[in-house]
K.L.:
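Structure in structure tokens, see below.
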There are 2 protein chains.
Amino acid sequence: MATPKYQMIADEIRRRIHMNVYPAKSLIPDQNTLAKEFGVSRMTIKKALDGLAVEGLIYKQSGLGTYVLGDVSVHASDSPAEAFDGLTKQEGEEHVSSEVIKFDVSLPSELIQKKLDVASDEPVYVIDRLRKIDGVPRVLEHTIFPLKLVPGLTREILMGSIYDYMHQALNLKFGGALRRINATLANDFDVAHLDATTGEPVLEVEQVIWLTTGENLEYSTSRNLASWRGYTVLDINND
Amino acid sequence: MATPKYQMIADEIRRRIHMNVYPAKSLIPDQNTLAKEFGVSRMTIKKALDGLAVEGLIYKQSGLGTYVLGDVSVHASDSPAEAFDGLTKQEGEEHVSSEVIKFDVSLPSELIQKKLDVASDEPVYVIDRLRKIDGVPRVLEHTIFPLKLVPGLTREILMGSIYDYMHQALNLKFGGALRRINATLANDFDVAHLDATTGEPVLEVEQVIWLTTGENLEYSTSRNLASWRGYTVLDINND
DNA sequence: CAGTGGTCTAGACCACCTA
DNA sequence: AGGTGGTCTAGACCACTGC
């Protein structure tokens, strides 16, 4: 069984919604009918529909049926940023380049000890990178990793995608992230590297990323010129 | 059956994690053992664990077992904002008051027609409110609803919680929201009402909220003094 | 190899909605 | 009352992991 049945069924129903076989704001066939059509038990149909409901594509109501809500793109032309692919994946590898401003190993400050939950004698990488899109400076990233979680980091890797290195070479899996978004003003560092103007608004994203093991992998702050970049969040209500 | 078994089991396991009966970074008993303990089938245990995995509390790996990741609070002291409860729920009713700056009915601009997917002859409410926490101006909200979705709106309701009115009096259910967060500078309107200083950073949240029926209910922008408020996002990786 | 979680079934009962 | 989705079972087979 390459891909699970419920996944294939979900894909097919998603396709039908996009193709308007199941038009928006209409009811799709009930679970028993779908179970017969796909030659599968009702539980499997339900699991497929559950996934589509989490995506916000349909809404199920007991006693009534299953509505098509339509695509998220119905609600906005803008699609949300991918959560765990860095800039490189979002913009395409060929567009992104990185300038390494700082690449140090040090002992963690108290703030970092708290954010990453590491001991005071546990060395960490401290990295400042300027990320450019098509050669234009766009994002200033200040990143801290525990050294033991990211062994063998080099300047060469930093010039490309750190996330590719973590996923492919180190086989690390991201468990989740907690992000805080703030509005700030451009500081001297932004002016020097981002081509910002003093007093210009800057969107700052502060985040902690942890692994599926529960260990904290990264604490970082990234600064984006507001005129270029916002932060988009899609929120589906599940009650 | 008041609450489903899987829900009660999930609550119990969550309690055990908080109580350190299942300590962080350890394995919890396997699904068959739990099924026997709770006198329930394994599918039910799995559904309970699935829920906890979505919350980011545990991580399951086929062939290995189920790890405790610990609480999200392990990763940050700050908890994310509640998605669909307005300010009133977040801060507590007794702390929030609202000043209605504008309360109009008009025909939608082209932007609004597009954002709310309403016809040009479909009247909408246009509302500006200044929200105060403990009497201090904190948030400027500019909100637009289609009139037909929110009948009977009055100034009195606007002074309290619109969301309570929608949920309780109108029985509307939120399907989801798409939000975009931007960094901007305080404008004259902010200076006049928010006690902002010109040139101060302002966090702007622009959002579309839709109902479980797929209809768009609200388009709004809210402006927060950055010094007071950020926006927090929790992101659990599900692959 | 034994043990884990992932998937799937066929059928059952329930709560909810519309009529 | 009849139909909907929600829950639950007892058992089966699979893929993956570690020993």
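To find a chain, count down the sequence lines: A is the first, B the second, and so on, and within it residues start at 1.
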K.L.:
For Asp30(A) and dG6(D), what is the distance between atoms CG and C1' respectively, to the nearest whole Å?
P.N.:
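So the CG-C1' distance, Asp30(A) to dG6(D), works out to 14 Å.
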K.L.:
Run the numbers on Glu218(A) and Tyr125(A) for side chain to side chain donor-acceptor pair (under 3.5 Å), then give the verdict.
P.N.:
CA-CA 10 Å; Glu218(A) 163 181 334; Tyr125(A) 285 118; over 6 Å; no
K.L.:
Could you state the atom-to-atom distance from CG of Leu64(A) to P of dT4(D) in whole Å?
P.N.:
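In whole Å, dT4(D) P and Leu64(A) CG are 11 Å from each other.
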K.L.:
To the closest 0.5 Å, what do you measure between CZ (Arg131(A)) and OG (Ser97(A))?
P.N.:
8.5 Å
K.L.:
Over 60° means perpendicular and under 30° means parallel, so classify the ring planes of Tyr67(B) and Tyr59(B), tilted if in between.
P.N.:
parallel
K.L.:
Are any of Gln7(B)'s side-chain N or O atoms less than 4.0 Å away from OP1 or OP2 of dT7(D)?
P.N.:
no
K.L.:
So, is Lys5(B) close to the dT9(D) phosphate, meaning a side-chain N or O under 4.0 Å from OP1 or OP2?
P.N.:
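Affirmative; the distance criterion is met.
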K.L.:
Please report, rounded to the nearest Å, how far the C1' atom of dT7(D) is from the CD1 atom of Ile9(B).
P.N.:
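These atoms are roughly 12 Å apart.
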K.L.:
Counting only heavy atoms and a strict 4.0 angstrom limit, can you tell me which residues of residues 32-51 of chain A come near DNA chain D?
P.N.:
Arg42(A), Met43(A), Lys46(A)
K.L.:
Return no unless some side-chain N or O of Lys60(B) is found under 4.0 Å from OP1 or OP2 of dT4(C).
P.N.:
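For dT4(C), OP1/OP2 do not have a side-chain N/O of Lys60(B) under 4.0 Å.
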K.L.:
So if I apply the side-chain contact (heavy atoms from CB on, under 4.5 Å) rule between Ile45(B) and each of Leu34(B), Asp50(B), Asn32(B), which one comes out positive?
P.N.:
Leu34(B)
K.L.:
dG3(C) C1' sits how many Å from Leu27(B) CG, rounded?
P.N.:
12 Å
K.L.:
What integer distance in Å separates Tyr67(B):OH from dT4(C):C1'?
P.N.:
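Whole-Å distance recorded here is 11 Å.
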K.L.:
Atom CD of Gln31(B) to atom C1' of dT4(C): distance rounded to whole Å?
P.N.:
8 Å
K.L.:
How many angstroms lie between atom CD of Glu215(A) and atom CG of Leu149(A), to the nearest 0.5 angstrom?
P.N.:
5.0 Å
K.L.:
Report yes if a side-chain nitrogen or oxygen of Tyr6(A) is closer than 4.0 Å to either non-bridging phosphate oxygen (OP1 or OP2) of dT7(C); otherwise report no.
P.N.:
yes
K.L.:
Is any side-chain heavy atom of Leu52(B) closer than 4.5 Å to a side-chain heavy atom of Ile13(B)?
P.N.:
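SC-SC contact between Leu52(B) and Ile13(B) confirmed.
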